[in-house]
Colleague: 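First the structure, then my questions, so here it is.
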There are 2 protein chains.
Amino acid sequence: MTEECLCGLHNKLAKKVKAKMLDDDILFDIAEVFKIFGDSTRMKIIYALKLSELCVLDLAYITGSTQSAISHQLRILKQASLVKSRKDGKVVFYSLKDEHVIKLFEIGREHVEEL
Amino acid sequence: MTEECLCGLHNKLAKKVKAKMLDDDILFDIAEVFKIFGDSTRMKIIYALKLSELCVLDLAYITGSTQSAISHQLRILKQASLVKSRKDGKVVFYSLKDEHVIKLFEIGREHVEEL
DNA sequence: CTTACATATGAATATGTGTTCATATTTGAA
DNA sequence: TTCAAATATGAACACATATTCATATGTAAG
């Protein structure tokens, strides 16, 4: 932990950068958001919901996963404020919560397509 | 797997959406990129490199991790084409590879700060 | 050539996580 | 009320992964 590069040249720079770093808590929270996107099942769900509001079984059909797996993932997505839900009788419809979700997806897609 | 919602209303919609879905491979690759961002150590590295080009030991000092841990993570970041490296004698300097990395970080940060 | 520094790497460990399976809950219909 | 459909949930399992520790590699200096 906290080893220091001995070349005096870097020590000053490193201390400057360390002073400008965001709080660990904030960087941790940002990483947590990306972690949610970092699963192919959740990514499928997000892309499907980008196309339309959908219920759980339809999402399971579209993604090729089980109802249970999708339900678990939807709970995670909802806790992370990435999707919202609307109940209509027995059916629960899910949709994306805001524009950030779409923006993040689009930039991620751009990055992948440029490799 | 591939269960279908029995309410005939949804079946048509679900099939439409399924037809419009991106290939699994692409969605998988996008998820892989986000997975790289979804770790607080790597997020610290990315933010530090956003401020300045840095060598391994300086990154270890700045992030409060060991040299070994940082070296392992830098390898992952490099394989994902998120950082590049430049060798100068014994020292290896790392920096961000392109603008997408910064864009993704900024939008992730925006999302977190609006919660 | 020997030493010291910066980095990389492999194995082991511990921890986190996604899926499955069984089952509970909720709601509408018969 | 009884049944079936849609969803949610908990436990168990399998798998991935981040860190640590020891050590190897490469490089410059003495």
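Convention: sequence-line order gives letters A, B, ...; per-chain numbering from 1. Everything numeric in this text was worked out from a predicted model, so none of it was measured.
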Colleague: Students often get this wrong, so: under 4.0 angstrom with heavy atoms, is A:Y94 touching a base, only sugar-phosphate, or nothing?
Modeller: sugar-phosphate
Colleague: Is there a side-chain contact between B:K35 and A:F37 (heavy atoms, below 4.5 Å)?
Modeller: no
Colleague: I would like to know whether B:E99 and B:K103 meet salt bridge (charged side-chain N to carboxylate O under 4.0 Å, His left out); could you show each step before the answer?
Modeller: CA-CA 6 Å; B:E99 287 300 311; B:K103 272 195 202 170; over 6 Å; no
Colleague: Give me the ring orientation class for A:H100 and B:H111: parallel if the planes are under 30° apart, tilted from 30 to 60°, perpendicular past 60°.
Modeller: perpendicular
Colleague: Specify the residues of residues 70-81 of chain A, ordered by number, for which at least one heavy atom lies under 4.0 angstrom from an atom of DNA chain C.
Modeller: A:H72, A:Q73, A:I76
Colleague: Applying ring pair (Phe, Tyr, Trp, His ring centres under 6.0 Å), can you list everything that pairs with A:H72, at least two apart in sequence or on another chain?
Modeller: none
Colleague: Can you tell me how far C1' of D:dT7 sits from CZ of A:R86, to the nearest Å?
Modeller: 15 Å
Colleague: Under 6.0 Å from the ring centre and within 45 degrees of the ring axis: does the NZ or CZ of B:K84 meet both conditions for the six-membered ring of B:Y94?
Modeller: no
Colleague: Applying side chain to side chain donor-acceptor pair (under 3.5 Å), name anything that partners A:K90, two or more places apart in sequence or on another chain.
Modeller: none
Colleague: Of all of residues 23-50 of chain B, which get a heavy atom below 4.0 angstrom from DNA chain D, listed by number?
Modeller: B:K35, B:D39, B:T41, B:R42
Colleague: Would the distance check show the side chain of B:D39 and the main-chain N or O of B:T41 forming a donor-acceptor pair, the cut-off being under 3.5 Å?
Modeller: yes
Colleague: Rounded to whole angstrom units, what separation is found between the CZ atom of B:F93 and the C1' atom of C:dA6?
Modeller: 11 Å
Colleague: I'd like to check A:I70 versus A:S65 (side-chain heavy atoms, cut-off strictly below 4.5 Å). Are they in contact?
Modeller: yes
Colleague: Figure out the CD/C1' separation between B:Q67 and C:dT9, and round it to whole Å.
Modeller: 10 Å
Colleague: Using only side-chain N and O atoms of A:S68, determine if any of them is under 4.0 Å from OP1 or OP2 of C:dT20.
Modeller: no
Colleague: Identify, with sequence neighbours excluded, every residue that meets ring pair (Phe, Tyr, Trp, His ring centres under 6.0 Å) alongside B:F93.
Modeller: A:H10
Colleague: Hey, does the side chain of B:S71 reach the backbone of B:Q67 with a donor-acceptor pair shorter than 3.5 angstrom?
Modeller: no
Colleague: Within the 4.0 Å limit for protein heavy atoms, which parts of nucleotides 25-30 of chain D are touched? Write it as a string from 5' to 3', B for base, S for sugar-phosphate only, - for none.
Modeller: -SBS--
Colleague: With a cut-off of 6.0 Å (strictly less than), are more than 12 heavy atoms of other residues, nucleotides or ligands near CD of A:E114?
Modeller: yes
